Amino acid sequence: MSQSNAEAMGTALPEERKRTLKERLFVLFTHIYLFPLAVVAVFPLYWLMSTSVKFRGNILRFPPQWFPDPITIENYQRLFITNPFEIWYFNSLVITISATLGATLSASLVAFGFARLHFVGRNVWFAVVLATLMVPESVLIIPRFALMRFFGWIDTWIPLILPFFLGGGAFNIFLLRQFFRTIPIELDEAAKIDGASNLRIFWQILLPNLKPVLAVVVVFTAIFNWNSFMSPLVFINTTEKLPVAVGIQMVLAGSQAGPGNTGAMMAASTLITIPVIMLFAFSQKYFMQGIVLTGLSGR
């Protein structure tokens with residue numbers, strides 16, 4: 001080995017070690033910085049769940065009991081005894097699953113039309129769709145109520161599910177359209193040469209490539225419907241038909257009576273939170289890919 005090569009290796013190794021040391025220090029300080037933030041973010045969830053398994057005498061004690069001792073399930077028992085909570089829970093599952101499927105399918109079709117099909121006024125209509133994002137949902141409640149009452153659908157789940165089959169929402173359409181534009185148009189052209197229709201191109205070629213952004217749409221739509229309060233409050237009159245987001249308000253009203261009902265409220269809130277956490281946990285991989293990849297197309 002020549003002297004020049006030895007000197008070059010001698011200078012390169014310390015620089016590489018310094019770079020590795022800087023990277024390790026950066027990772028270390030990042031974790032040190034993020035750990036207290038993670039504790040602050042997770043603590044309300046921990047307090048919610050721990051309070052739900054405390055005896056009523058320990059819920060409002062001071063100083064607070066940081067760890068439930070002993071653990072009890074009486075709050076969950078009281079919740080199901082005094083309220084039709086399992087019915088509300090089932091109603092929310094049916095409404096959320098149905099609305100999410102409708103929004104995902106219809107938004108995908110509409111976005112496919114805006115991204116792949118050529119028709120007169122395509123960009124104008126897309127701008128009109130985006131403009132609806134500036135209209136608050138509360139402004140549309142009254143005309144929606146008048147329309148649903150005309151069809152006789154008040155006190156049914158139809159007003160909560162049907163709108164999601166009619167386009168899927170401007171935000172979802174925007175996300176899917178941007179992702180469609182990241183897929184090469186040559187795939188469509190090759191499929192058309194083989195005689196494939198637009199619907200077949202959408203269903204068999206493009207839709208399987210939409211898993212990341214579909215995960216984003218599913219998570220956002222499911223959380224929106226699961227936590228929806230205003231629409232069910234307006235359209236549903238029967239207690240047994242209420243979703244859990246509205247039914248829990250009855251538990252909240254009863255929680256003013258004492259710590260026992262407060263524990264039931266914490267139990268109800270815990271049960272409502274679990275499906276959202278599970279949904280994000282199972283879809284986290286595709287969800288993060290969709291957030292990163294959506295909108296990368298500059299076309």
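Because the structure is a prediction, the values reported are computed rather than measured.
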Item to complete: Could you check Phe235 against Asp155 for side chain to side chain contact (heavy atoms under 4.5 Å, CB included), going step by step and ending with a plain yes or no?
Response: CA-CA 6 Å; Phe235 294 113; Asp155 201 26; over 6 Å; no
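- Residues Val276 and Leu45 do not share a hydrophobic cluster, defined by chaining ILVMFWY side chains whose heavy atoms lie under 4.5 Å apart.
- Environment of CZ in Arg122: crowded, with over 12 heavy atoms of neighbouring residues, nucleotides or ligands closer than 6.0 Å.
- In this structure, CZ in Arg144 is found 15.0 Å from CZ in Arg149, a value given to the nearest 0.5 Å.
- Contact between Ile95 and Pro243 at its shortest, heavy atoms only, is CD1-CB, 4.4 Å.
- In this structure, the side chains of Phe164 and Asn225 come closer than 4.5 Å at one or more pairs of heavy atoms.
- With a 4.5 Å cut-off on side-chain heavy atoms, Ile248 and Ser269 count as touching.
- Within 6.0 Å of CG on Leu37 lie more than 12 heavy atoms contributed by other residues, nucleotides or ligands.
- Within the 4.5 Å cutoff, side-chain heavy atoms of Arg116 are placed close to those of Ile185.
- Using a 4.5 Å cut-off on side-chain heavy atoms (C-beta onward), Leu271 and Leu79 make contact.
- Residue Ile73 places its CD1 atom among 12 or fewer non-hydrogen atoms of other residues, nucleotides or ligands, all under 6.0 Å distant.
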Practice prompt. In sequence, state the C-alpha distance, the side-chain angles, and the governing distance for Leu207 and Leu214, and then conclude on side chain to side chain contact (heavy atoms under 4.5 Å, CB included).
Written response: CA-CA 9 Å; Leu207 198 61; Leu214 287 178; 4.1 Å; yes
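- In this structure a side-chain-to-backbone donor-acceptor pair under 3.5 Å is present from Ser50 to Trp47.
- Taking OG from Ser92 and CG from Asn227, the interatomic distance works out to 9.0 Å, rounded to the nearest 0.5 Å.
- Annotation: Trp88 is not in aromatic contact with Phe80 [ring centroid separation under 6.0 Å not met].
- The backbone N or O of Gly168 lies less than 3.5 Å from a partner atom in the side chain of Ser106, making a donor-acceptor pair.
- At a threshold of 4.5 Å between non-hydrogen side-chain atoms, the residues Thr96 and Phe224 do not count as touching.
- The local environment of OH in Tyr33 is sparse, with at most 12 non-hydrogen atoms from other residues, nucleotides or ligands closer than 6.0 Å.
- Taking 4.5 Å as the limit, some side-chain heavy atom of Leu206 sits within range of a side-chain heavy atom of Asp188.
- Test Phe180, Phe174, Phe126, Trp125 against Phe114 for ring-ring contact (aromatic ring centres under 6.0 Å, His included) and you get one pass: Phe126.
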Discussion item. Quick one, Trp226 with Val244, criterion side chain to side chain contact (heavy atoms under 4.5 Å, CB included). Give me CA distance, side-chain angles, the key distance, then yes/no.
Written reply: CA-CA 8 Å; Trp226 184 259; Val244 70; 4.2 Å; yes
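- Distance CD1/Ile161 to OG/Ser231: 12.0 Å, rounded to 0.5 Å.
- In this structure, CE on Met266 lies 10.0 Å from CG on Asn75, to the nearest 0.5 angstrom.
- Under the 4.5 Å side-chain heavy-atom criterion for ILVMFWY residues, no single connected hydrophobic cluster contains both Tyr76 and Ile87.
- In this structure, CD1 on Ile277 lies 9.0 Å from OG1 on Thr270, to the nearest 0.5 angstrom.
- Phe150 is connected to Ile158 through a chain of hydrophobic side-chain contacts under 4.5 Å among Ile, Leu, Val, Met, Phe, Trp and Tyr, so both are in one cluster.
- Side-chain atoms of Leu147 and Trp153, non-hydrogen and from C-beta on, never get closer than 4.5 Å to each other.
- In this structure, the side-chain hydrogen bond (donor to acceptor under 3.5 Å, both in side chains) partners of Thr221, at least two apart in sequence or on a different chain, are Asn172.
- When all heavy atoms of Ala41 and Pro44 are compared, the pair lying nearest together is O-CD, 3.5 Å.
- Going from atom CD1 of Ile201 over to atom CG of Leu117 covers 9.0 Å, rounded to the nearest 0.5 Å.
- Asn198 is listed as a side-chain neighbour of Phe112, based on a closest heavy-atom distance under 4.5 Å.
- What you find for Phe85 and Ala268 is that their closest heavy atoms are CE1-CB, 3.7 Å.
- Shown here for Ile205 and Ala191, the closest heavy-atom pair between the two residues is CD1-CB, 3.3 Å.
- Thr182 places a side-chain N or O within donor-acceptor distance of the main-chain N or O of Phe179, the cut-off being under 3.5 Å.
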Discussion item. Would Ile236 and Leu160 count as a side chain to side chain contact (heavy atoms under 4.5 Å, CB included) here? Give the steps.
Written reply: CA-CA 9 Å; Ile236 304 298; Leu160 308 179; 4.2 Å; yes
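- The two atoms that bring Leu176 and Ser108 nearest to each other are CD1-N, 3.5 Å, heavy atoms only.
- The number of heavy atoms from other shown groups lying within 6.0 Å of CZ (Phe90) does not exceed 12.
- Scanning all heavy atoms of the two residues, the minimum distance from Lys54 to Glu74 falls at O-OE2, 4.4 Å.
- Defined by atom type and a distance below 3.5 Å, a donor-acceptor pair is missing between the side-chain atoms of Gln77 and Thr72.
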